Amino acid sequence: MHWLAHFFGLDNPSGPAYLLWSGVGSDVSELAIIGGLISMWRRHNCHVRGCWRIARHPVDGTNWVVCRHHHPDDPPTAAAVRNARH
């Protein structure tokens, strides 16, 4: 069991907390960052399987969010946006 205590940094008289957070404990923040990036990618990715584009357009009547390429309606033109604004 000495190897396990050494791996987690619990066998040094300078203090177990220092060795834990400067050793194997520092990987906790790296895993959290990687997990956060993966969850952001999955949240904002197009819901069409295999599409890598960022989804910004909700599909009416569903919970799906798709990219402009996969949206069932034609994308609005600049003139349509300008007319809707006024």
Side-chain angles (χ1 to χ4, degrees):
M1 293 303 286
H2 177 69
W3 66 270
L4 187 62
H6 182 73
F7 178 76
F8 285 109
L10 301 173
D11 62 346
N12 193 331
S14 67
Y18 172 76
L19 288 179
L20 177 66
W21 288 112
S22 65
V24 74
S26 66
D27 295 336
V28 172
S29 62
E30 295 167 2
L31 291 175
I33 290 170
I34 292 170
L37 290 174
I38 290 171
S39 66
M40 284 177 53
W41 175 259
R42 290 185 56 92
R43 168 70 173 94
H44 297 291
N45 197 16
C46 182
H47 284 177
V48 175
R49 185 178 199 138
C51 182
W52 54 269
R53 295 177 181 94
I54 300 297
R56 295 185 180 145
H57 308 284
V59 177
D60 295 334
T62 66
N63 291 332
W64 296 341
V65 181
V66 295
C67 64
R68 190 169 121 177
H69 179 73
H70 289 114
H71 199 271
D73 299 330
D74 291 331
T77 62
V81 172
R82 189 171 36 253
N83 290 337
R85 184 171 178 251
H86 293 294

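Because the structure is predicted, anything quoted here is derived from the model rather than measured.
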Cluster partners of Leu31, using ILVMFWY side-chain heavy atoms under 4.5 angstrom, listed by chain and number?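 Direct or chained contacts put Leu31 with none.
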Ile34: hydrophobic cluster co-members (side-chain, 4.5 Å):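 Same cluster as Ile34: Ile38.
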Side-chain donor-acceptor contacts of residues 50-59 below 3.5 Å, not counting sequence neighbours, with atom names and distances?
none

With sequence neighbours left out, what residues match Asp27 under side chain to side chain contact (heavy atoms under 4.5 Å, CB included)?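 By the side chain to side chain contact (heavy atoms under 4.5 Å, CB included) rule, Asp27 matches Val24, Glu30.
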